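Okay, so here's the structure we're looking at.
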Amino acid sequence: MNSNRCQTNEVNKFISSTEKGPFTGRDNTLSFNKIGSRLNSPPILKDKIELKFLQHSEDLNQSRSYVNIRPRTLEDQSYKFEAPNLNDNETSWAKDFRYNFPKNVEPPIENQIANLNINNGLRTSQTDFPLGFYSQKNFNIASFPVVDHQIFKTTGLEHPINSHIDSLINAEFSELEASSLEEDVHTEEENSGTSLEDEETAMKGLASDIIEFCDNNSANKDVKERLNSSKFMGLMGSISDGSIVLKKDNGTERNLQKHVGFCFQNSGNWAGLEFHDVEDRIA
Amino acid sequence: MSQRLQSIKDHLVESA
């Protein structure tokens with residue numbers, strides 16, 4: 001804790017704080033708040049994202065769990081960046097940072113214009129700094145590629161959806177869906193081809209059962225006569241004696257949908273009302 | 001188709 005307070009470098013102070021573990025201790029919280037207040041950051045909120053950050057903060061010290069993102073411009077133009085000091089005890093973060101840092105970093109174009117007009121005398125050659133760091137006196141954090149520690153490679157945190165990957169997934173999904181639909185059509189054709197005769201046999205049996213049941217259970221003669229003269233009982237009689245059979249319609253220009261219906265065995269005409277396909281869509 | 005007829009028959013039997 002005392003060593004933290006003696007640190008003059010904000011970055012090193014932050015690193016040494018994170019190496020102690022998650023911000024659960026009082027000392028760490030205090031030092032973190034101090035840094036936060038200097039950078040004018042909002043007060044710490046105990047929300048879901050922060051809890052996830054704290055939960056994964058130990059992984060940050062054990063492996064390279066952060067990723068580099070593209071340079072971005074910060075609003076705070078006055079804050080000076082200080083590179084991690086070179087020493088043997090430096091953290092894995094500092095080593096990875098130095099190793100991955102691009103050798104020739106071009107600041108954003110607006111900064112280049114600003115430097116041409118204002119800091120022309122202060123700029124020095126980039127080749128003087130082989131490790132990729134600018135000199136401290138004329139470098140501001142606005143043109144520095146920021147290493148974002150809140151983007152983890154772990155699956156527990158939300159990632160922005162990559163549109164390229166998204167399109168690949170969509171293409172694969174469409175392909176699978178098309179093949180699945182094709183299989184369904186083939187299966188349906190096979191089933192309907194083999195089971196049409198079985199279906200007809202079952203229909204004959206059921207029609208006979210219904211006629212027999214109605215004959216035996218009609219309450220009085222009047223009801224029995226009305227029932228026997230109905231279209232339904234007429235159809236049941238025709239099915240049971242085989243004068244009406246099942247027929248598969250392979251679709252016409254008018255009715256594209258395949259269907260199975262009743263037809264007269266002698267003439268081949270459809271029995272009952274003509275089948276009209278209704279398109280299955282939401283208006 | 002036969003399933004519909006089966007359900008009609010079942011309904012008749014239940015109603016009786």
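Chain letters run A, B, ... following the sequence lines, proteins first, then strands; residues in each count from 1. Predicted model, so just to flag it, every value in this text is computed and none were measured. All values below were derived from every heavy atom in this structure, side-chain atoms included, with hydrogens, water molecules and symmetry-related copies excluded.
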Nearest-0.5 Å distance, CZ of residue Phe213(A) to CD1 of residue Ile8(B): 13.0 Å
Residues in residues 234-245 of chain A near chain B [non-hydrogen atoms, under 4.5 Å]: Met236(A)
Between CG on residue Asp209(A) and CG on residue Leu12(B), distance to nearest 0.5 Å: 11.0 Å
Distance in Å, Ile211(A) CD1 paired with Lys9(B) NZ, rounded so as to fall on 0.5 Å steps: 12.0 Å
Atom pair CD/CG of Gln3(B) and Leu206(A) - distance to nearest 0.5 Å: 10.5 Å
